[in-house]
Amino acid sequence: MVSATPLWFPFQLEPDPIRQERFNIGVGIIQNDRLTTRFVEALWPLYSFYAGRPDVDFDALDDIVRAATSYYPDQAYSEVRAATPLHPQLHLGEPQPLGAPTQGPCQLDALVSGAGRSCPDGPPS
């Protein structure tokens, strides 16, 4: 994928494959098929969701993030997309243009209610 305009996508971690909940743990920026990445430094904010759950291994999840942190930077995005994901609990989101509107909470509330909600940048258009 050759792109003069940068694109971004989230890296998502799925701590519990049975529940299939995904948390954004990083971002990838694609420009001219080169990938630049930034990942979270710690997973402790997720701990409260899974505390006391013996089936969720935070050491293993941390290993996944560390592996992604060292593997993905400066890769060719076309090769990354064509390859099998680094780990089954790590997911790559769909690329979006930088600055494109996202479906955040205020946008989704406005779509459901039919009226604009108090969003930092005003109601969604």
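As the structure is a prediction and not an experimental result, all values here were calculated from the model. Here, residue 1 is the first one in the sequence, and each next residue gets the next number.
- Closest non-hydrogen pair, P54 versus G52, comes out as CD-O, 3.2 Å.
- Residue R53 places its CZ atom among more than 12 non-hydrogen atoms of other residues, nucleotides or ligands, all under 6.0 Å distant.
- For the pair P88/E14, no side-chain contact is recorded, criterion being any heavy-atom separation below 4.5 Å from C-beta on.
- Put simply, the side chain of L7 does not reach to within 4.5 Å of the side chain of Q96, judged on heavy atoms.
- Residues Y72 and Y77 fail the side-chain proximity criterion, which asks for heavy atoms closer than 4.5 Å.
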For residues 56-64, which side-chain N or O atoms pair as donor and acceptor with protein atoms under 3.5 Å away, sequence neighbours left out?
residue	atom	partner	partner atom	Å
D57	OD1	D59	N	3.0
D57	OD1	A60	N	3.2
D62	OD2	R66	NH1	2.5
D63	OD1	R66	NH2	2.3

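- Atoms CG and OG1, from L98 and T5 in turn, are 9.0 Å apart once rounded to the nearest 0.5 Å.
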Solution key, residues 17-30 side-chain donor-acceptor pairs under 3.5 Å, sequence neighbours excluded:
residue	atom	partner	partner atom	Å
E21	OE1	Y50	OH	2.7
R22	NH2	H91	ND1	3.2
N24	OD1	Q12	NE2	3.1

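- Contact detail for L90 and A68: the closest heavy-atom pair is CD2-CB, 3.8 Å.
- To the nearest 0.5 Å, the span separating CZ on F11 from OG1 on T69 amounts to 9.0 Å.
- With values rounded to the nearest 0.5 angstrom, Y71 atom OH is found 10.0 Å from L35 atom CG.
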